[in-house]
2 protein chains.
Amino acid sequence: MTSLTELNQYSSEHNHNQCVSLALGTAQQLCNQRGVLLTTIRHQVLTLIWESHKAVKAYELLDRLRPLQATAKPATIYRALDFLIEQGLIHRVESLNAFVGCRCSDQQHEQLLLICKLCEQVDERPAAEVMSALLEESKQAGFMIHSKAIEIHGICSDCSTK
Amino acid sequence: MTSLTELNQYSSEHNHNQCVSLALGTAQQLCNQRGVLLTTIRHQVLTLIWESHKAVKAYELLDRLRPLQATAKPATIYRALDFLIEQGLIHRVESLNAFVGCRCSDQQHEQLLLICKLCEQVDERPAAEVMSALLEESKQAGFMIHSKAIEIHGICSDCSTK
DNA sequence: TAGGTAATTGTTATATTATTACATCAGAAA
DNA sequence: TTTCTGATGTAATAATATAACAATTACCTA
Ligand SMILES: [Zn+2]
Ligand SMILES: [Zn+2]
Ligand SMILES: [Zn+2]
Ligand SMILES: [Zn+2]
């Protein structure tokens, strides 16, 4: 089976159906393993998030969910988002107040996010050297890490070569 | 003259008046050099932000500003914050929707922020190795960096030794 | 000094993002 | 069945942020 992380370098012309089915498959699998429910609503929200590699806003998700769930309210979305974040299936992009699918939910979390200002796509990278430098820096500061948000804004390679 | 960055390792019992006067002095100086105005309101907001090393919320600043500026409104605060950020005198902490004084406004920006969950203090560090690893990673990805938000949450050394 | 211009602030309204509290429902366990 | 738990429905509101336009102030120059 192809792992999500093997698709790390997606181009603008990649087969996105593959991204989606892989993400949803992995999500279902992880939820089964963990004994938690990927309910209809949660599955729908995750699918909506995976419509692209862009980060999506909560109220935009709400608008897109309503045709499928007539009773959807802000709480509906935020509950689903909370669940998906807890399960490591999506990331919250702090600097955008938005949410993006995680391409390595079966592996290490808290990666580095490269966020393109032009195409708005978010690329998630393990960036092992950055992480180890970060660990060393924290160690020197006597700081115990609980969580990280590493968000880099700029222009992606696709956009800069166009 | 002592530079802001020489006070990098502040302890819980440090002389905070020194932090404040240094920050405000540097701010005034930079604004003079740049031909921009550190108006009364901007000076007051910067002073309020520097009341501690914690990140402060915009509406908390508004509450604290009102006794000094009876007509203060959200726009008053957000304009002052925008100005202070533009001038590199404060940082926006994306993961907290809050703002903290910059201790190296005369030097390199976009440092790493260590944010303590207990005392809420924010420590700003140049973290040269992290930054160079980040640069290398971006380069490999063909990504042109415009700005960075590197925010680490956890427990600071003061709090973990108490 | 007067007049013109740009920057700053005042003011109102509103947009956007997120949470709380309580009721209801569906499924598993006893 | 009853009970419990987790999920969802629903309404209200809190928290964060921006837009638009008017009034004022600072600054430059004639
Ligand atoms: Zn894709
Ligand atoms: Zn791009
Ligand atoms: Zn201090
Ligand atoms: Zn602390």
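FYI, side chains are in, hydrogens and waters are out, and symmetry mates aren't considered; it's all heavy atoms of this structure. Not measured: the values here are computed from a predicted model. In the text below, chain A, chain B and the rest are named by the order of the sequence lines, each starting its count at 1.
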Base of C/dA15 paired with side chain of A/Tyr59 (donor-acceptor, under 3.5 Å): no

Examine C/dT16: is either OP1 or OP2 under 4.0 Å from a nitrogen or oxygen in the side chain of A/Asn97? Give yes or no. no

Determine whether B/Thr76 and B/Lys73 make a side-chain contact, defined as any pair of heavy atoms from C-beta on separated by less than 4.5 Å. yes

Please report the distance, rounded to the nearest Å, between CD in B/Glu60 and P in D/dA14. 18 Å

Every protein N/O lying under 3.5 Å from an N/O of nucleotides 8-10 of chain C:
unit_1: C/dT8; atom_1: OP1; unit_2: B/Arg42; atom_2: NH1; d: 3.1
unit_1: C/dT8; atom_1: O5'; unit_2: B/Arg42; atom_2: NH2; d: 3.4
unit_1: C/dT9; atom_1: OP1; unit_2: B/Thr39; atom_2: OG1; d: 2.7
unit_1: C/dG10; atom_1: OP1; unit_2: B/Thr71; atom_2: OG1; d: 3.0
unit_1: C/dG10; atom_1: N7; unit_2: B/Arg79; atom_2: NH1; d: 2.9
unit_1: C/dG10; atom_1: O6; unit_2: B/Arg79; atom_2: NH2; d: 2.4

A/Lys57 atom NZ is separated from D/dA17 atom C1', nearest whole Å, by 11 Å

Any side-chain N or O of A/Tyr78 below 4.0 angstrom from OP1/OP2 of C/dT19? no

Taking CD1 from B/Ile77 and C1' from C/dT12, how many angstroms apart are they, rounded to a whole number? 17 Å

Nearest whole angstrom, please: distance from the C1' of D/dG9 to the CG of A/Leu62. 13 Å

Is any side-chain heavy atom of B/Leu113 less than 4.5 Å from a side-chain heavy atom of B/Ile150? no

Could you check how far CG of B/Leu81 sits from P of D/dT18, rounded to whole Å? 10 Å

Output the rounded distance in Å from CZ (B/Arg66) to P (C/dT11). 12 Å

Using whole Å, what does the distance between atom C1' of nucleotide D/dG6 and atom CD of A/Gln87 come to? 13 Å

What is the ring orientation for A/His14 with A/His53, classed by angle as parallel under 30°, tilted 30 to 60°, or perpendicular over 60°? tilted

Under the side-chain contact (heavy atoms from CB on, under 4.5 Å) criterion, do A/Cys102 and A/Ile90 qualify, and how do the steps go? CA-CA 5 Å; A/Cys102 175; A/Ile90 64 172; 5.6 Å; no

Just the atom pairs and distances: protein N or O near nucleotides 3-5 of chain D's N or O, under 3.5 Å.
none

Taking B/Lys139 first and then B/Glu137, would you say they form a salt bridge - that is, a charged N and a carboxylate O separated by under 4.0 Å? no

Can B/Leu46 be reached from B/Tyr59 by stepping across I, L, V, M, F, W or Y side chains whose heavy atoms are under 4.5 Å apart? yes

Are A/Val20 and A/Leu61 connected, step by step, through hydrophobic side chains (Ile, Leu, Val, Met, Phe, Trp, Tyr) whose heavy atoms are closer than 4.5 Å? yes

Would you indicate whether the side-chain heavy atoms of B/Leu65 and B/Val45 approach each other to under 4.5 Å? yes

Check: B/Phe99 and B/Lys57 side chains under 4.5 Å, non-hydrogen atoms: no

Nucleotide D/dA7, atom P - distance to NE2 of A/His43 in whole Å: 16 Å

